[in-house]
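Heads up, the thing below is written out as structure tokens.
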There are 2 protein chains.
Amino acid sequence: MSIQARRERERAERERLIVTAARELAETEGWDAVTTRRLAAEIEYSQPVLYSHFKGKEAIMAAVAVQGCADLAVELRQARAAAPGVREALAAVAETYTSFARRRPALYDAMFTHLVPLPFATQEAPEPLREAFGRLLAAVEPIAADGEDPGLLTETFWAALHGLATLTRSGRLPEPAHEQRLALLIGHFTGG
Amino acid sequence: MSIQARRERERAERERLIVTAARELAETEGWDAVTTRRLAAEIEYSQPVLYSHFKGKEAIMAAVAVQGCADLAVELRQARAAAPGVREALAAVAETYTSFARRRPALYDAMFTHLVPLPFATQEAPEPLREAFGRLLAAVEPIAADGEDPGLLTETFWAALHGLATLTRSGRLPEPAHEQRLALLIGHFTGG
DNA sequence: CAGCGATTCTAGCGTTGCTAGCCAATCTGC
DNA sequence: GCAGATTGGCTAGCAACGCTAGAATCGCTG
């Protein structure tokens with residue numbers, strides 16, 4: 001059985017290679033540059049190999065999105081841990097979230113903008129997704145008023161951050177006032 | 001000069017035809033179905049004709065987006081006019097906005113999700129865009145606290161609505177609780 | 001070492017957005 | 001009223017896309 005084990009190991013390694021190459025290519029040149037041909041060349045295999053690992057391009061993007069959620073979760077955890085108080089933690093998390101979207105647009109798009117075949121709002125959602133949401137929840141929960149469902153409040157807050165991030169990045173909201181909008185949002189959610 | 005006038009009239013009419021066909025095709029079958037070939041067949045002309053009117057497919061989508069903004073502006077105006085009070089007006093506008101995104105997803109995507117070559121946050125933005133934003137502003141302005149910039153507050157509120165709309169429609173937020181999230185948002189923005 | 005499976009590659013299909021160059025219909029000047 | 005110029009649409013085709021069938025090659029087994 002050792003030989004089959006090695007094969008599966010190599011296979012898993014190559015799958016990791018594909019996802020990494022797709023992520024790096026997307027982050028440096030955008031998702032439009034991530035074609036199956038280009039990606040195959042990058043990993044030094046032929047095109048059809050990709051399809052022996054993933055159902056199609058969307059599935060590769062989904063895998064990248066999951067990785068991205070893990071990254072985001074780490075950043076959010078650090079941001080919250082470094083903040084002295086409840087309100088500061090929320091602000092830090094919000095700032096980190098929108099900054100993540102600005103710094104890593106391709107990754108963010110795969111996670112939250114593009115249509116990817118991923119279960120999100122269910123228990124079958126991949127762990128990194130639930131993890132990232134959990135980091136938001138941890139920051140929002142303390143500011144929930146009596147009778148407010150923390151989960152729903154987190155979803156609402158998340159949506160607001162997502163809207164700010166995407167509209168700003170697409171040029172529909174002017175960049176400069178971003179911090180002020182963020183402050184307004186925090187203010188209204190912390191009841192100030 | 002009358003003959004040239006007629007030509008320009010016919011040309012403008014055909015341009016209207018292109019935009020309308022693109023919008024209808026997108027609304028019924030999604031933007032993926034709007035290929036240049038399909039669109040050309042729909043208007044009963046050949047492909048290259050499209051390029052004598054628009055620089056490319058993106059420009060056609062942009063034209064559809066502008067139409068969509070006009071439609072949205074009308075709906076928002078009606079919603080606000082029918083509401084008895086300030087808070088109700090805000091709720092009605094929010095409800096109308098997200099419902100628009102749900103009822104006309106292709107149109108909404110062209111307006112606010114897809115990358116379209118349109119100036120947004122500047123004075124050169126097409127009139128329907130500024131009009132739609134103005135409808136939001138009119139609903140948000142009355143609930144702005146002292147010292148809060150109504151414009152910035154409107155942008156923030158808009159972003160929240162946009163986030164709710166897109167995340168819900170892409171399945172990242174569960175549909176059923178949408179109304180509750182909307183209520184939470186309104187609550188926090190009206191300081192309740 | 002021969003044969004057999006599994007796996008990778010070559011080649012190609014159907015579509016996409018977009019464009020070059022031909023061709024015909026229309027307007028202008030004699 | 002008619003030849004010449006011009007506008008404008010159409011046919012045909014390019015390069016690139018996601019994806020797949022079938023050939024070919026690799027590595028293990030007896």
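Labels below follow one simple rule: chain letters A, B, ... track the order of the sequence lines, proteins then strands, and each chain is numbered from 1.
Atom-to-atom, CD of E10(B) to P of dT26(C) comes out at 11 Å; the value is rounded to the nearest Å. Taking atom CD on E15(B) and atom C1' on dG8(D), their separation rounds to 15 Å, with Å as the unit. Per the geometry, CZ belonging to R14(B) stands 12 Å off C1' belonging to dC10(D), to the nearest Å. Counting to the nearest Å, the C1' atom of dC19(D) and the CG atom of L50(A) are 11 Å from each other.
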Salt bridge (Lys or Arg N to Asp or Glu O under 4.0 Å) between E13(B) and R9(B), worked out: CA-CA 6 Å; E13(B) 174 62 24; R9(B) 213 166 44 231; over 6 Å; no
Per-nucleotide protein contact string for nucleotides 9-20 of chain C (B base, S sugar-phosphate only, - none; heavy atom under 4.0 Å): BB-B---BBBBB
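Remark: E131(A) engages R135(A) in a salt bridge, criterion side-chain N to carboxylate O under 4.0 Å.
Heavy atoms of R38(B) sit nowhere under 4.0 angstrom from any nucleic acid atom.
Under the side-chain hydrogen bond (donor to acceptor under 3.5 Å, both in side chains) test applied with T98(B), the options H178(B), R103(B), H162(B) reduce to a single match, H178(B).
In terms of heavy-atom proximity, A79(A) sits nearest to A92(A) at O-CB, 3.7 Å. The two residues P142(A) and A139(A) have their closest heavy-atom pair at CD-O, 3.5 Å.
The local environment of CD in E44(A) is sparse, with at most 12 non-hydrogen atoms from other residues, nucleotides or ligands closer than 6.0 Å.
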